[in-house]
**Q** 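Okay, handing you the structure first.
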Amino acid sequence: MQNDQLKLALKTQLIKKRGEVLQTLQKIFETNNEKINTIILFSQKHEELLNTELRGLKDSSFESSNNILSDRILQFIDTITEEDALAYNLSQSKFQKILVICKVPERESFMRSFFPAERWKATEFNASGQPLETEYVNQFDLIVFDNEPHNSDVDQDALLKYYLGETTLPIFYYGGYLKLLDDYKMRVHSANTVFSFHGRLEEMINYLNQMR
């Protein structure tokens with residue numbers, strides 16, 4: 001789980017780089033005022049101890065105060081939730097600018113429910129059913145394509161074919177199995193249920209981050 005990995009990384013870093021850990025915690029909890037206030041207090045105490053050490057003014061209580069602060073930060077790190085970790089990892093991701101394409105306007109509100117603004121901060125939606133200019137599309141890092149509704153019309157996949165043919169961006173496909181995509185396995189990742197959507201999208205973004 002992402003929060004376990006993030007917690008372990010922060011706890012390991014805390015041994016030698018407490019100041020950097022506090023900076024990361026500020027980013028993780030940037031929208032949580034109560035926790036930001038706690039982090040500010042931690043930072044003030046950290047700076048106070050650092051200045052004491054740099055000035056050679058350590059007394060018998062220094063190590064005790066230092067250890068107490070680190071212990072409190074360790075306990076604070078344990079409050080990071082899976083949602084906190086996901087939001088932070090996405091904010092640090094190279095793949096932040098996402099273009100969500102819906103074939104019909106009626107699907108836009110449904111797709112927006114997958115992308116709450118506080119977590120997905122650089123996401124745009126287009127439900128016009130018309131292909132967008134390639135130059136505009138290329139400013140994004142990833143396309144999410146909603147292939148519902150899917151019926152038996154001859155050109156039902158025309159819009160998807162446009163983005164597959166006219167762009168080189170990776171595409172996250174939401175919908176039922178489509179044989180067309182068998183030819184694009186290196187570019188397209190997919191989910192076919194609401195339950196698998198976020199897990200599969202996160203999986204794709206993590207892979208793309210490692211490959212870039």
Side-chain angles (χ1 to χ4, degrees), residues 1-3 28-32 81-212:
M1 297 179 68
Q2 290 201 33
N3 61 339
I28 293 171
F29 294 112
E30 63 180 356
T31 61
N32 188 320
T81 65
E82 187 68 17
E83 184 175 359
D84 294 328
L86 176 58
Y88 172 72
N89 288 337
L90 287 171
S91 73
Q92 302 302 301
S93 168
K94 300 181 182 72
F95 289 82
Q96 296 183 54
K97 298 187 67 178
I98 298 175
L99 175 63
V100 181
I101 300 293
C102 303
K103 295 200 297 186
V104 295
E106 293 78 12
R107 291 287 294 179
E108 183 173 346
S109 61
F110 173 76
M111 291 304 292
R112 282 186 179 273
S113 69
F114 288 115
F115 297 93
E118 64 273 13
R119 180 184 298 178
W120 305 85
K121 297 180 180 179
T123 303
E124 293 190 24
F125 294 79
N126 185 279
S128 67
Q130 300 300 313
L132 298 172
E133 292 288 340
T134 304
E135 184 177 352
Y136 174 78
V137 175
N138 285 339
Q139 70 178 301
F140 293 91
D141 300 315
L142 173 69
I143 295 171
V144 172
F145 191 92
D146 172 36
N147 202 36
E148 297 294 340
H150 196 260
N151 49 45
S152 58
D153 293 344
V154 175
D155 63 348
Q156 61 184 344
D157 298 317
L159 190 61
L160 176 58
K161 289 177 180 177
Y162 170 81
Y163 289 109
L164 288 169
E166 299 300 322
T167 78
T168 59
L169 293 179
I171 296 176
F172 182 78
Y173 168 89
Y174 180 66
Y177 170 74
L178 195 62
K179 185 173 177 54
L180 167 67
L181 301 181
D182 289 346
D183 296 328
Y184 297 92
K185 291 181 178 178
M186 297 305 294
R187 278 184 62 196
V188 180
H189 202 45
S190 61
N192 56 17
T193 70
V194 294
F195 305 105
S196 62
F197 188 97
H198 278 305
R200 300 285 285 176
L201 179 57
E202 180 186 331
E203 181 180 78
M204 183 180 190
I205 291 175
N206 286 339
Y207 172 79
L208 292 172
N209 277 322
Q210 292 174 19
M211 296 303 293
R212 178 175 278 189

**Q** Considering only heavy atoms from C-beta outward, does the side chain of L160 approach that of L178 to under 4.5 Å?
**A**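 Yes, their side chains come closer than 4.5 Å.
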
**Q** Within the structure provided, determine whether F145 and L159 are in side-chain contact (heavy-atom separation under 4.5 Å).
**A**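 In short, these two side chains touch, coming nearer than 4.5 Å.
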
**Q** Please tell me if the side chains of T134 and Y163 come closer than 4.5 Å, counting only heavy atoms from C-beta onward.
**A**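 No. Closest side-chain heavy atoms not under 4.5 Å.
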
**Q** Report the residue from I143, L181, T167 that forms a side chain to side chain contact (heavy atoms under 4.5 Å, CB included) with R187.
**A**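 The residue from I143, L181, T167 that satisfies side chain to side chain contact (heavy atoms under 4.5 Å, CB included) with R187 turns out to be T167.
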
**Q** Under 3.5 Å, is there a donor-acceptor pair between the E202 and Y207 side chains?
**A**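 There is no such pair between these side chains.
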
**Q** Are M204 and P170 side-chain neighbours, meaning at least one heavy-atom pair lies under 4.5 Å?
**A**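 Counting from C-beta outward, M204 and P170 do come under 4.5 Å.
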
**Q** Are side-chain heavy atoms of I98 and D141 found at a separation under 4.5 Å?
**A**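 The answer is no; the side chains never approach within 4.5 Å.
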
**Q** Under 3.5 Å, is there a donor-acceptor pair linking the side chains of Y177 and D182?
**A**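 Judged by distance alone, the side chains do pair up.
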
**Q** Check whether any side-chain heavy atom of K103 lies under 4.5 Å from a side-chain heavy atom of E148, and answer yes or no.
**A**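 SC-SC contact between K103 and E148 ruled out.
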
**Q** With heavy-atom distances below 4.5 Å as the criterion, would you say the side chains of E30 and Y88 are in contact?
**A**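 Answer no - side chains too far apart.
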
**Q** Is the shortest side-chain heavy-atom distance between V144 and I101 below 4.5 Å?
**A**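 No - every pair of side-chain heavy atoms lies 4.5 Å or more apart.
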
**Q** When rounded to the nearest 0.5 angstrom, what distance separates NZ in K97 from CD in E124?
**A**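 Rounded to the nearest 0.5 Å, the NZ-CD separation comes to 7.0 Å.
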
**Q** Would you find a donor on one side and an acceptor on the other, under 3.5 Å apart, between the side chain of Y162 and the backbone of L132?
**A**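 A pair under 3.5 Å: yes.
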
**Q** Please output the side-chain donor-acceptor pairs of residues 105-112 that fall under 3.5 Å, not counting sequence neighbours, one pair per line with the distance.
**A**
{"unit_1": "R107", "atom_1": "NE", "unit_2": "D146", "atom_2": "OD2", "d": "2.8"}
{"unit_1": "R107", "atom_1": "NH2", "unit_2": "D146", "atom_2": "OD1", "d": "3.0"}
{"unit_1": "E108", "atom_1": "OE2", "unit_2": "R112", "atom_2": "NE", "d": "2.9"}
{"unit_1": "E108", "atom_1": "OE2", "unit_2": "R112", "atom_2": "NH2", "d": "2.9"}

**Q** Within the supplied structure, the quantity of interest is the number of heavy atoms (other residues, nucleotides, ligands) at a distance under 6.0 Å from Q139 CD; does it exceed 12?
**A**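 Yes - once you tally the heavy atoms of other residues, nucleotides and ligands closer than 6.0 Å, there are more than 12.
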
**Q** Restricting to salt bridge (charged side-chain N to carboxylate O under 4.0 Å, His left out), what partner residues turn up for E83, sequence neighbours left out?
**A**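 Scan of E83 (salt bridge (charged side-chain N to carboxylate O under 4.0 Å, His left out), adjacent residues dropped) gives R119.
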
**Q** Assess whether side chain to side chain contact (heavy atoms under 4.5 Å, CB included) is satisfied between L180 and Y173, documenting all intermediate values.
**A** CA-CA 12 Å; L180 167 67; Y173 168 89; over 6 Å; no

**Q** Provide the closest heavy-atom pair for F172 versus L142 in the form atom of the first, atom of the second, distance.
**A**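 Here F172 and L142 meet closest at N-CD1, 4.2 Å.
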
**Q** Can you list, pair by pair, the side-chain donor-acceptor contacts under 3.5 Å of residues 190-199, counting residues two or more places apart and other chains?
**A**
{"unit_1": "T193", "atom_1": "OG1", "unit_2": "F195", "atom_2": "N", "d": "3.4"}
{"unit_1": "T193", "atom_1": "OG1", "unit_2": "S196", "atom_2": "N", "d": "3.2"}
{"unit_1": "T193", "atom_1": "OG1", "unit_2": "S196", "atom_2": "OG", "d": "3.1"}
{"unit_1": "S196", "atom_1": "OG", "unit_2": "T193", "atom_2": "O", "d": "3.2"}
{"unit_1": "H198", "atom_1": "NE2", "unit_2": "F114", "atom_2": "O", "d": "3.1"}

